[in-house]
Each structure stands twice: as C-alpha cells, then as structure tokens.
Enquirer: 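Submitted below is the structure of interest, expressed as structure tokens.
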Amino acid sequence: AQSVTQLGSHVSVSEGALVLLRCNYSSSVPPYLFWYVQYPNQGLQLLLKYTSAATLVKGINGFEAEFKKSETSFHLTKPSAHMSDAAEYFCAVSERNFGNEKLTFGTGTRLTIIP
Amino acid sequence: GAGVSQSPSNKVTEKGKDVELRCDPISGHTALYWYRQSLGQGLEFLIYFQGNSAPDKSGLPSDRFSAERTGGSVSTLTIQRTQQEDSAVYLCASSKTTSGRYLTSYEQYFGPGTRLTVT
C-alpha cells in the first residue's frame, strides 16, 4: 500500500520569502509523485510530477521539487513567494498498475502569504 | 481546448434521496477517475474507468455508490439513499492512455467538482 504524509497543515510565509512544503511518501514500488494546487472552489491543477527521470523536477509558476529516495521525500519549494501562491497544496503518489494511475493524496497544506 | 467538466456544480438534496453526478472528460481521454474530497477524509479515490469498463471500484464506500461510463466518454456517479456523511466535493479526472507492451496512463486533469450537500 502507498501513502503520503504532508507535514504542516498550515504554512505561512512572507511575500518574497522561500516556500517549503514537505512531503514524505511510502511505496512498495518505485513511485510516481505529484504536487497539485487547489485554489478556492476550483479543481486540482498539476504543478509538477516525478516519473523516475530527473530527480529535480521543475513545474509551473516557479515551483520545483526534488525526489530523494534515501529520505523518501518529495518536498516542494519556490525561491520567492508571491501573493498569488496562496492556495492549498496536495502531494500525491500514483498506483501505477497497468494504466490505473489512481492517486493517493496527502492531507494537504494550506499556504498563506503574508504581505 | 475544453477541460473536464462536471455538472451540477452544486447539489443540495434531502437525506434518503438519490443523486446523479455527471462528468464529461477531455475528448480522447480513455482513463477516467472519480475522487471525493471531504473535511473528514481528505481526498480519496472512488473508482477508475478504462474505456467503459471499471477495473477498479475499490474506493466506493458502500453499495449505495455506483458509476457507469458510456461511449468511452461521459460518466455518471450515482448515490442512492443519500446520507449526511455523503456530503463532500466529488471530483472527476481524466487522462490519456497509450497501449504498447503495457498500458500507460498520463497525468490526470481534474474538473471543478460537484459540491454535494445532504440535509
């Protein structure tokens, strides 16, 4: 069985400061990992994904994440926070079962940007 | 192009009534997923379709929940005899799939969800 743990249900950073959202995973097979963002009353939007190629993955809106197998982590970072980054962020791991890529999500981290 | 659409966007129903939620995936996407997002349970998988078949129904919480997909396109999630604990946002996602030696699906695109409130 796979699982994802997101440390910190709420994170606040000042505008212009570093954003760091933590995600640790557990998987019996090499994982595919994802970060999604959800703005209020909207669906999920894919920020970036790791699918066993480069361990440092760059996504949209200046976000990136690094896959560290030894630490079973896939933390999300952005060098300089912007007000528009305020949203809820979900880390997810994929089932990867012959076309069935069902996602197991973490509990989410709500990011607040302080002006 | 058009994304995944879901209808209705909001649904309020009385306990015990049946409801149908609709998902229109992106054209050409053969894989379709339903998820549920609730305060108590977070985001959880419900069911996976490949074409019109549902090889994975493991996330359906009870036999009151069912889903079908027709023409490899539109999917309907039906909840019978709704209960208050069914109140949640129901999200649909679709992805393209390629078949070679192994079936491979790609990233999932999510719809805006249907917010279900059972009173």
Enquirer: Report the option among B/Ser9, B/Pro112, B/Cys92, B/Ala93 that has the most heavy-atom pairs separated by less than 4.5 Å from atoms of chain A.
Expert: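 Answer, by heavy-atom pair count under 4.5 Å with chain A: B/Pro112.
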Enquirer: With side-chain hydrogen bond (donor to acceptor under 3.5 Å, both in side chains) as the criterion, how do B/Gln108 and B/Ser94 come out once you've worked through the C-alpha distance, each side chain's angles and the decisive distance to 0.1 Å?
Expert: CA-CA 5 Å; B/Gln108 295 175 38; B/Ser94 71; over 6 Å; no
Enquirer: Out of A/Thr107, A/Leu46, A/Thr104, A/Leu103, return the one with the most heavy atom pairs under 4.5 angstrom to chain B.
Expert: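 Between A/Thr107, A/Leu46, A/Thr104, A/Leu103, the count favours A/Leu103.
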Enquirer: Minimum heavy-atom separation for A/Ser73 to A/Tyr25, with atom names?
Expert: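 The pair with the smallest heavy-atom distance is N-CE2, 3.6 Å.
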Enquirer: Between B/Arg64 and B/Asp18, is the closest basic N to carboxylate O distance under 4.0 Å?
Expert: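 Not counted as a salt bridge, because no side-chain N and carboxylate O are separated by less than 4.0 Å.
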Enquirer: By a 4.5 Å heavy-atom criterion (distance strictly below it), what part of B/Tyr35 contacts chain A: side chain, backbone, both, or neither?
Expert: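 When you check distances to chain A, only side chain atoms of B/Tyr35 fall under 4.5 Å.
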Enquirer: Between B/Ser58 and A/Lys102, which heavy-atom pair has the shortest distance, and what is it?
Expert: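 Result for this residue pair: OG-NZ, 3.1 Å.
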Enquirer: Of the backbone (N, CA, C, O) and the side chain (C-beta and beyond), which part of A/Gln45 lies under 4.5 Å from a heavy atom of chain B, both, or neither?
Expert: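 Neither; nothing under 4.5 Å.
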